[in-house]
Engineer: 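I'd like to ask you about the structure that follows.
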Amino acid sequence: MYMRLVFVVSVVSLLLVGKTPLHASAIDSTLFTTYTLGGKTNINWTVCGSLPGTSGCYGAGTLGPFGRIGAMIEGNPTQNLKAGTVTRYIYVLDVGYGSGANEVALYVYKKVDVISGGDESVSTSLFKTVTLPLTGGTKTIASMGANAKFLYIGTNQDQLAVQVQKSNFAITQFSEVSGPRSEEHT
């Protein structure tokens, strides 16, 4: 009986250890990106921190122009240790999109950090633009949340919210969202 108990505890311990990540910290763990609004139409970014033997700021740029920024989320990192890269997607919601500035679009940018020893270079590029079935405009207040697979987006102008799948940008519209909607803020 005792041997069986020891065996079960050993197997359970191995299963638990097998699910625990045993990797070193991310190669960009000593770097950070600061995002600041350039009015309501641009987002300025700067990457700073420290690397072996160096510290300071390593790159900067601008995302946009947009009609009017409603929300932004930086996605989770994916790292390639062989190449020394960390890739993230940046999701920017434009609530002043289109010729009448009353549509909503999701801009997806790809940010790639290349880290080699004490050097770092960073680049951003527009990856995808997705028009959403939501109402934009000057009175639109947007909300955006995310998990590993989806973005969830809504506005104070719509009864329906949308779910956007990150892998292929498929859009699913939800039925009425419960709870009160935000009213106009001045």
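Not measured: the values here are computed from a predicted model.
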Engineer: Sorted by first residue and then second, give each disulfide bond (SG atoms under 2.5 Å apart) pair with at least one member in residues 65-146; sequence neighbours left out.
Structural biologist: none
Engineer: Would one find more than 12 heavy atoms of other residues, nucleotides or ligands at under 6.0 Å from atom NZ of K166?
Structural biologist: yes
Engineer: Quick one: ring-ring contact (aromatic ring centres under 6.0 Å, His included) partners of Y58, sequence neighbours excluded?
Structural biologist: none
Engineer: What residues join V114 in its hydrophobic cluster, counting side-chain heavy atom gaps under 4.5 Å, either direct or through other members?
Structural biologist: V112
Engineer: Please round to the nearest 0.5 Å and tell me the distance separating atom OG of S121 and atom CG of D113.
Structural biologist: 8.0 Å
Engineer: Examine F169 and V104 and state if one hydrophobic cluster contains both, with Ile, Leu, Val, Met, Phe, Trp and Tyr joined whenever side-chain heavy atoms are less than 4.5 Å apart.
Structural biologist: yes
Engineer: Of all heavy-atom pairs between T129 and A105, which one has the smallest distance, and what is that distance?
Structural biologist: CG2-CB, 4.3 Å
Engineer: Under 3.5 Å, is there a donor-acceptor pair between the Q157 and T155 side chains?
Structural biologist: no
Engineer: Under the side chain to side chain donor-acceptor pair (under 3.5 Å) definition, can you give me all pairs with a residue in residues 94-109, not counting sequence neighbours?
Structural biologist: none
Engineer: Which disulfide bond (SG atoms under 2.5 Å apart) pairs, counting each pair once, include a residue from residues 26-107, with sequence neighbours left out?
Structural biologist: C48-C57
Engineer: Donor-acceptor pairs under 3.5 Å, side chain of residues 65-78 to any protein atom, not counting sequence neighbours: which ones?
Structural biologist:
| residue | atom | partner | partner atom | Å |
| --- | --- | --- | --- | --- |
| R68 | NH2 | G137 | O | 2.7 |
| R68 | NH2 | T138 | O | 3.3 |
| R68 | NH2 | T140 | O | 2.7 |
| E74 | OE2 | Y35 | OH | 2.5 |

Engineer: So which pairs with a foot in residues 53-63 pass salt bridge (charged side-chain N to carboxylate O under 4.0 Å, His left out), sequence neighbours left out?
Structural biologist: none
Engineer: Verify the distance criterion only: is there a donor paired with an acceptor across the side chains of T62 and N44 at less than 3.5 Å?
Structural biologist: yes
Engineer: Do any side-chain atoms of residues 26-34 form donor-acceptor pairs under 3.5 angstrom with protein atoms, and if so which ones, sequence neighbours left out?
Structural biologist:
| residue | atom | partner | partner atom | Å |
| --- | --- | --- | --- | --- |
| D28 | OD2 | R88 | NH1 | 2.8 |
| D28 | OD2 | R88 | NH2 | 3.0 |
| S29 | OG | A26 | O | 3.1 |
| T30 | OG1 | S50 | O | 2.4 |
| T33 | OG1 | K111 | NZ | 3.1 |

Engineer: Check whether V108 and V95 end up in the same hydrophobic cluster, where Ile, Leu, Val, Met, Phe, Trp and Tyr are linked by side-chain heavy atoms less than 4.5 Å apart.
Structural biologist: yes
Engineer: At what distance, to the nearest 0.5 angstrom, does CD1 of I171 lie from CD1 of I153?
Structural biologist: 8.0 Å
Engineer: Does L132 share a hydrophobic cluster with L151, counting links as ILVMFWY side-chain heavy atoms below 4.5 Å and allowing steps through other members?
Structural biologist: yes
Engineer: Applying ring-ring contact (aromatic ring centres under 6.0 Å, His included), can you list everything that pairs with F127, at least two apart in sequence or on another chain?
Structural biologist: Y89
Engineer: How close do P133 and V162 get, heavy atom to heavy atom, and via which atoms?
Structural biologist: CG-CG1, 3.8 Å
Engineer: Looking at side-chain heavy atoms only, is the closest gap between L93 and Y91 below 4.5 Å?
Structural biologist: no
Engineer: Listed by chain and number, what are the side chain to side chain donor-acceptor pair (under 3.5 Å) partners of T87, not counting sequence neighbours?
Structural biologist: none
Engineer: Using side-chain heavy atoms (C-beta onward) and a distance below 4.5 Å, is I43 in contact with T36?
Structural biologist: no
Engineer: Going through the distances and angles, do F150 and V164 end up as a side chain to side chain contact (heavy atoms under 4.5 Å, CB included)?
Structural biologist: CA-CA 5 Å; F150 299 99; V164 179; over 6 Å; no
Engineer: Sequence neighbours left out, what pairs pass disulfide bond (SG atoms under 2.5 Å apart) with at least one residue falling in residues 82-153?
Structural biologist: none
Engineer: With sequence neighbours left out, which residue pairs that include part of residues 116-135 fulfil the salt bridge (charged side-chain N to carboxylate O under 4.0 Å, His left out) condition?
Structural biologist: none
Engineer: Do you reckon L63 sits in the same ILVMFWY cluster as M144, going by side-chain contacts under 4.5 Å, direct or chained?
Structural biologist: no
Engineer: Flag yes if L106 and L134 sit in one hydrophobic cluster, no otherwise; membership is Ile, Leu, Val, Met, Phe, Trp, Tyr, and two members link when side-chain heavy atoms are under 4.5 Å apart.
Structural biologist: yes
Engineer: Any donor-acceptor pair under 3.5 Å linking the side-chain atoms of T135 with those of D158?
Structural biologist: yes
